[in-house]
Amino acid sequence: MNTTEGFIALVIYPSTPPAQLGQADTLLRMAEETIRGMPGFIAGRVFLGEDGESIVSMVEWRDRESFTHFRQSEFGRAAVQVVGELHPKAYWLHPHATVSAP
């Protein structure tokens, strides 16, 4: 088991089966076009709930300061406002440990 550093923004968005894929693709486009170029960005993933009722985004940052810089940027403020209308549940996480396959 390895201890890791960094900062994770895990956000769960409510969705519906008809809207899920389009909403997920929008999140992915935002990450590809803008977020990936932000200082301290490491990686992002988008997950789809099997029932179509949720989308989970996980964005890994080098540190909390990098995430804060993103949130305070013009794009970050606009993104927070847009996705806030979906009433997501956000978790700000610090990695504790990683378990990898042998």
Side-chain angles (χ1 to χ4, degrees):
M1 192 161 31
N2 296 328
T3 302
T4 58
E5 294 187 31
F7 182 80
I8 308 282
L10 180 80
V11 183
I12 302 171
Y13 303 91
S15 190
T16 62
Q20 185 190 50
L21 190 56
Q23 290 170 331
D25 285 345
T26 298
L27 287 171
L28 184 60
R29 253 191 322 280
M30 286 173 39
E32 289 176 331
E33 293 173 1
T34 306
I35 297 172
R36 76 190 302 173
M38 299 293 295
F41 172 82
I42 295 173
R45 297 180 77 182
V46 177
F47 303 90
L48 303 177
E50 285 187 343
D51 61 1
E53 299 292 326
S54 62
I55 301 163
V56 178
S57 71
M58 183 178 76
V59 180
E60 185 176 359
W61 298 89
R62 178 180 58 235
D63 50 37
R64 178 71 155 103
E65 291 74 25
S66 297
F67 173 70
T68 300
H69 182 263
F70 157 69
R71 292 278 304 247
Q72 293 173 348
S73 72
E74 183 178 335
F75 177 80
R77 288 191 313 271
V80 167
Q81 185 174 5
V82 169
V83 299
E85 295 173 8
L86 299 174
H87 305 291
K89 179 67 178 162
Y91 298 90
W92 310 141
L93 309 168
H94 294 279
H96 175 66
T98 300
V99 177
S100 300

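The shown structure was predicted, so the numbers you read here are calculated from the model rather than taken from an experiment.
Minimum heavy-atom separation, Pro39 to Ser66: O-CB, 3.6 Å. Closest of all the heavy-atom pairs between Gly6 and Pro95 is O-CD, 3.4 Å. Here the shortest heavy-atom pairing between Ser73 and Phe70 reads OG-O, 2.7 Å.
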**OP:** Given side-chain contact (heavy atoms from CB on, under 4.5 Å), test Arg62 with Phe41 step by step and report yes or no.
**Re:** CA-CA 6 Å; Arg62 178 180 58 235; Phe41 172 82; over 6 Å; no
**OP:** Take Leu27 and Tyr13, measure what side-chain contact (heavy atoms from CB on, under 4.5 Å) needs, and give me the verdict at the end.
**Re:** CA-CA 11 Å; Leu27 287 171; Tyr13 303 91; 3.6 Å; yes
Original post:
Going through the checks in order, is the side-chain contact (heavy atoms from CB on, under 4.5 Å) test met by Val11 and Lys89?
Top reply: CA-CA 6 Å; Val11 183; Lys89 179 67 178 162; over 6 Å; no
Original post:
Would Trp92 and Arg64 satisfy side-chain contact (heavy atoms from CB on, under 4.5 Å), going step by step from the backbone distance to the final call?
Top reply: CA-CA 9 Å; Trp92 310 141; Arg64 178 71 155 103; 4.1 Å; yes
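Ring pair Phe7/His94 is perpendicular by interplanar angle, where above 60° counts as perpendicular and below 30° as parallel.
Side-chain contact between Met38 and His69 is present, with heavy atoms from C-beta onward closer than 4.5 Å. Annotation: side chain of Ile55 is in contact with side chain of Val46 (closest heavy-atom distance under 4.5 Å). With contacts defined as side-chain heavy-atom distances shorter than 4.5 Å, the pair Tyr91/Ile12 qualifies.
When atom types are taken as modelled, the side chain of Gln20 and the backbone of Gly49 share a donor-acceptor pair closer than 3.5 angstrom. Looking only at distances, no side-chain donor or acceptor of Arg45 sits under 3.5 Å from a matching main-chain atom of Met58.
Side-chain contact, Thr26 with Arg29: a donor N or O sits under 3.5 Å from an acceptor N or O.
Interatomic distance, CE of Met30 versus OG of Ser57, reported as 8.5 Å (0.5 Å rounding). Expressed to the nearest 0.5 Å, how far CD of Gln23 lies from OG1 of Thr16 amounts to 6.0 Å. Rounded to the nearest 0.5 angstrom, Glu53 CD and Leu48 CG are separated by 12.5 Å. For the atom pair Phe47 CZ and Ser54 OG, the distance stands at 11.5 Å (nearest 0.5 Å).
Residues Val82 and Val56 are members of separate hydrophobic clusters, defined by side-chain heavy-atom contacts under 4.5 angstrom among Ile, Leu, Val, Met, Phe, Trp and Tyr. Ile8 and Ile35 are not part of a single hydrophobic cluster, where members link through side-chain heavy atoms under 4.5 Å apart.
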